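Both ligands and their constituent atoms are indexed starting at 1 by order of listing. Being a predicted model, the structure only gives us computed values, none of them experimental.
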Amino acid sequence: MTAGPAARDVILVGGGHTHVQVMTAFAAAARAGRPWADARLTLVSRDRDTPYSGMLPGHVAGLYRRDDIHIDLEGLAARTGARFVRGAATGLDRAGRRLVVEGSAPIEYDIASFDVGITPDLSAIDGAEAHGIAVKPIGRFLEKLADLRAAVASPDGGRRVLVVGGGPAGVELAFSLRERLRADLAAAGLEPGGLQVAIVTSGTILKGLNDGVRRRIHGALKARGIAVLEDRRIAAVSAEGVTTDAGERIPADAVVISTKARAPSFLERLGLPTARDGTLLTRFTLQTLTDPAVFAVGDCATVANEPTEKAGVFAVRQGPVLADNLRRALAGEPLRPYRAQTDWLVLMTTGDGHAIGGRGDRIAVGGRWVWWWKDRIDRRFMRRFAG
Ligand SMILES: Cc1cc2nc3c(=O)[nH]c(=O)nc-3n(C[C@H](O)[C@H](O)[C@H](O)COP(=O)(O)OP(=O)(O)OC[C@H]3O[C@@H](n4cnc5c(N)ncnc54)[C@H](O)[C@@H]3O)c2cc1C
C-alpha cells in the first residue's frame, strides 16, 4: 500500500455511498496481495463523518443513535490506507490537474472522482433558506431538528409541522417526525395529540412506486392522522407557513423541505457537461463525458444515456464498478460499463418499528417483519465501514 515516488494520485472528492466502497476495495486489494498499480488514494471530504441516508429516518424517529447512522470517514481512511483531507472542494484546475479545496493548498491528481451528493433546491422557493428546514446537508438538518424538538416540546411551542415533498424521503420523515415529536411531548408531560403533521406535494405522493405500496402508505398515513395535500406547488415559506403558486396559504409552525434537489453549484463551473439539475453527465464507465480523468458517481452524477432517479441504491451499486474502473484506469485496462437496475427494493419506515415497501410493478409488503428486514440490510451495509 505504500506508494513510491512514481505514485499516481487518485482523489476521491466527497465521502458518499460510492466512495466509501472504493476505499474498502482499495484496502481489500492490497490485503489480497494485488494492490492497485502505484496508486495513492486520497479522500477529500467537507465532513469528518457521513450519514447513511437509509437509516436517517430511523434516527429521526429515535430508533438509532447518531453514531449508528454515520460512517467515520477519517477512521475509514486510516484503516484503508487512504490519505484524508478535510475540506470542501470548490473547483478543479483540469489543465494543471489540481483540485481546489477551501482552506487548503490545491491537491494534485491523476484521476479525480466526485461523489458529493445533492441538496434540495431552495432557490426555487421564496423564503425557504430563512424559514425552511432543508433535509440536506443532513448534518445541518440534524442541528435544526434538535431546535424543532425543543420548540415543539416547550409549553407554548407551535405544533404544526409541514413536510414539503412527497417522495420516499419526505414520507419517511413525516412518519418519523411524528413518532419522535409525540414522544418528546409525552416526555414533557404535554398532550401528544396536539401535534399535527402534514405532507404537501406537487402531483401525488410516491409517484414512482407501485399501487400496492402507495395504498399501504396512504393507509398508514391516515391511521396516524398525517394529512396529505397533493397537487400543490409551494412558492414561498414564511414564519406563518407556506403559500402555493396558486396563492393558497397553508399555516405551519415548522416547514421541512425534501423537494427535488440540485448538485452543488461548483460542479457547473468545472467546464464539464452537466444535466439540467447541475449534475455531471457521465458515460457508462462513470467517466465524465469529455474528461476521462474525471469520474462522477452517486446523486451528483447522471449517466447520460440512462438517467435514473436520485437514490442511494444506485450510489451503492456503483461502488464496485467505480472501484474496478479506477483500478483498470491505473493499469491501462479497458473500463467496464455500469448499468443501472431497472427495478429496486424500496423499504420505508413508519418510525414505530414497522415498515412498508416493495419492488417493481407488483410486490408490496408491510409490517413489523419488513422493518426487521430493512434494519438488517442497513446494519449489514454499515458494518462494512465500522472500525
Ligand atoms: C431522509 C432521506 C431518506 C432517504 N432514504 C433513502 C433510502 O431508504 N434508500 C435510498 O436509496 N435512498 C434514500 N435517500 C436518498 C439518498 O440520500 C441519496 O440518494 C444518497 O445519499 C446519495 O448518496 P451519494 O453518495 O450520492 O451522496 P451523499 O450520501 O449525499 O454524500 C455526499 C458526501 O459528499 C460530501 N461533500 C459534499 N460537498 C462536498 C464538497 N464540496 N467537497 C467535499 N465533500 C463534499 C458530504 O459531506 C457527504 O459526505 C434518502 C434521502 C433522504 C434525505
Side-chain angles (χ1 to χ4, degrees), residues 11-22 42-61 69-74 76 84-92 99-104 107 112-120 133-142 145 163 165 167-177 208 256-261 263-267 269-270 279-280 296-302 308-319 322 341 344-349 351 355-357 374-375 377-378 381:
I11 309 290
L12 304 177
V13 188
H17 297 30
T18 316
H19 279 174
V20 290
Q21 296 178 79
V22 171
T42 301
L43 173 69
V44 176
S45 175
R46 189 189 59 200
D47 302 301
R48 189 160 277 133
D49 57 13
T50 194
Y52 175 47
S53 53
M55 294 170 86
L56 174 68
H59 174 57
V60 171
I69 72 155
H70 280 82
I71 298 169
D72 166 15
L73 294 174
E74 198 169 2
L76 182 66
F84 180 76
V85 175
R86 175 107 189 257
T90 54
L92 198 61
L99 177 77
V100 184
V101 181
E102 206 171 61
S104 115
I107 301 172
S113 175
F114 287 88
D115 183 12
V116 292
I118 51 177
T119 51
I133 303 175
V135 70
K136 280 189 168 185
I138 288 173
R140 204 171 312 149
F141 170 72
L142 293 178
L145 174 66
V163 177
V171 169
E172 274 192 290
L173 280 176
F175 280 125
S176 302
L177 282 168
V256 175
I257 301 178
S258 176
T259 51
K260 277 246 173 301
S265 55
F266 79 91
L267 292 185
R269 298 191 298 269
L270 304 185
T279 56
L280 291 168
V297 287
D299 281 1
C300 77
T302 299
T308 58
E309 274 182 48
K310 300 300 179 196
V313 289
F314 299 112
V316 169
R317 288 283 184 96
Q318 286 177 337
L322 179 66
Q341 64 270 42
W344 59 94
L345 184 66
V346 177
L347 298 175
M348 287 170 284
T349 177
I356 294 169
K374 175 175 168 51
D375 176 60
I377 294 172
D378 288 340
F381 180 76

Pro168 touching ligand 1 at heavy-atom level, < 4.0 angstrom
no
A student checking ligand 1 against Gly54 at a 4.0 Å heavy-atom cut-off should list atoms 8 (O)
Hey, are the side chains of Cys300 and Leu267 touching, using non-hydrogen atoms and a 4.5 Å cut-off?
yes
Which is it for Val135 and ligand 1 at heavy atoms under 4.0 Å: side chain, backbone, both or neither?
side chain
How long is the straight-line distance from CH2 of Trp344 back to CD of Glu309, given to the nearest 0.5 Å?
4.5 Å
Is atom 5 (N) of ligand 1 close to the protein, meaning a heavy atom under 4.0 Å from it?
yes
Please work out which of Pro51, Gly312, Gly357 has its closest non-hydrogen atom nearest to atom 15 (C) of ligand 1.
Gly312
To the nearest 0.1 Å, how far is atom 21 (O) of ligand 1 from its closest protein heavy atom, and which atom is that?
His17 CE1, 3.3 Å
Hey, does Lys136 come in under 3.5 Å of ligand 1, counting only N/O atoms on both sides?
yes
Lys374 meets the side-chain hydrogen bond (donor to acceptor under 3.5 Å, both in side chains) criterion, sequence neighbours left out, with Asp378
Where the side chain of Asp72 meets the backbone of Glu74, is there a donor-acceptor pair that is under 3.5 Å apart?
yes
If I take atom CG from residue Leu322 and atom CG from residue Leu12, how far apart are they, to the nearest 0.5 angstrom?
7.5 Å
Could you check whether the rings of His17 and Tyr52 sit parallel, tilted or perpendicular, using 30° and 60° as the cut-offs?
tilted
Please check whether Ile138 reaches ligand 1 - meaning an N/O of the residue sits under 3.5 Å from an N/O of the ligand, judged on distance alone.
no
Grab the two heavy atoms, one from Ser176 and one from Pro57, that are nearest each other, plus how far apart they are.
OG-O, 3.0 Å
Give me the atom names and distance for the closest heavy-atom approach of Val22 to Gly319.
CG2-O, 4.3 Å
Could you check atom 38 (N) of ligand 1 against the protein and tell me its nearest heavy-atom contact, residue, atom and distance included?
Arg46 NH1, 3.5 Å
Taking only heavy atoms of Glu172 into account, list the atoms of ligand 1 that are under 4.0 Å away from them.
5 (N)
How many angstroms lie between atom CG of Leu56 and atom CZ of Phe141, to the nearest 0.5 angstrom?
6.0 Å
Of the protein's non-hydrogen atoms, which lies at the shortest distance from atom 41 (N) of ligand 1, and what is that distance?
Ala89 O, 3.0 Å
Could you check atom 47 (O) of ligand 1 against the protein and tell me its nearest heavy-atom contact, residue, atom and distance included?
Asp47 OD2, 2.5 Å
Check each atom of ligand 1 against the heavy atoms of Asp115 and keep those under 4.0 Å away; list them by number with element.
24 (P), 25 (O), 26 (O), 27 (O), 32 (C), 33 (C), 34 (O)
Nearest-contact summary for atom 2 (C) of ligand 1 - protein heavy atom, Å:
Ala169 CB, 3.5 Å
For ligand 1, which atoms have a heavy atom of Gly14 less than 4.0 angstrom away?
34 (O), 35 (C), 44 (N)
Closest protein heavy atom to atom 31 (O) of ligand 1, given as residue, atom name and distance to 0.1 Å
Gly16 CA, 3.3 Å
In Å, rounded to the nearest 0.5 Å, how long is the span from CG of Asp115 to OG1 of Thr18?
4.0 Å
Can you list the ligand 1 atoms lying under 4.0 Å from a non-hydrogen atom of Phe266?
41 (N)
Can you tell which of Ala315, Ser45, Ser53 gets a heavy atom nearest to atom 14 (N) of ligand 1?
Ser53
Under 4.0 Å from a heavy atom of Leu56: give me the atoms of ligand 1 that qualify, with their elements.
1 (C)
Please answer whether the main-chain N or O of Met348 pairs with a side-chain N or O of Glu172 as donor and acceptor at a distance below 3.5 Å.
no
What verdict does the side chain to side chain contact (heavy atoms under 4.5 Å, CB included) test give for Leu345 and Val313, after you've listed the backbone C-alpha separation in whole Å, the side-chain angles of each residue and the deciding distance to 0.1 Å?
CA-CA 8 Å; Leu345 184 66; Val313 289; over 6 Å; no
Atoms of ligand 1 less than 4.0 Å from Asp299 heavy atoms?
18 (C), 19 (O), 20 (C), 22 (C), 26 (O)
Considering Val316, Val116, Leu345 one by one, which has a heavy atom nearer to atom 34 (O) of ligand 1 than any of the others?
Val116
Gap between atom CD1 of Ile257 and atom NZ of Lys136 - 0.5 Å precision:
15.0 Å
For ligand 1, the portion of Val346 having any non-hydrogen atom under 4.0 Å away:
neither
For residues Leu99 and Gly91, report the shortest heavy-atom separation together with the two atoms involved.
CD1-O, 3.5 Å
Tell me whether the count of non-hydrogen atoms from other residues, nucleotides or ligands lying under 6.0 Å of CZ in Arg86 goes above 12.
yes
Heavy-atom contacts with Thr50 under 4.0 Å: which atoms of ligand 1 show up? List them by number with element.
48 (C), 49 (O)
Measure the distance from atom 27 (O) of ligand 1 to every protein heavy atom, then report the residue, atom name and distance (to 0.1 Å) of the closest one.
Gly117 CA, 3.5 Å
Distance-only N or O hit between ligand 1 and Asp49, under 3.5 Å
no
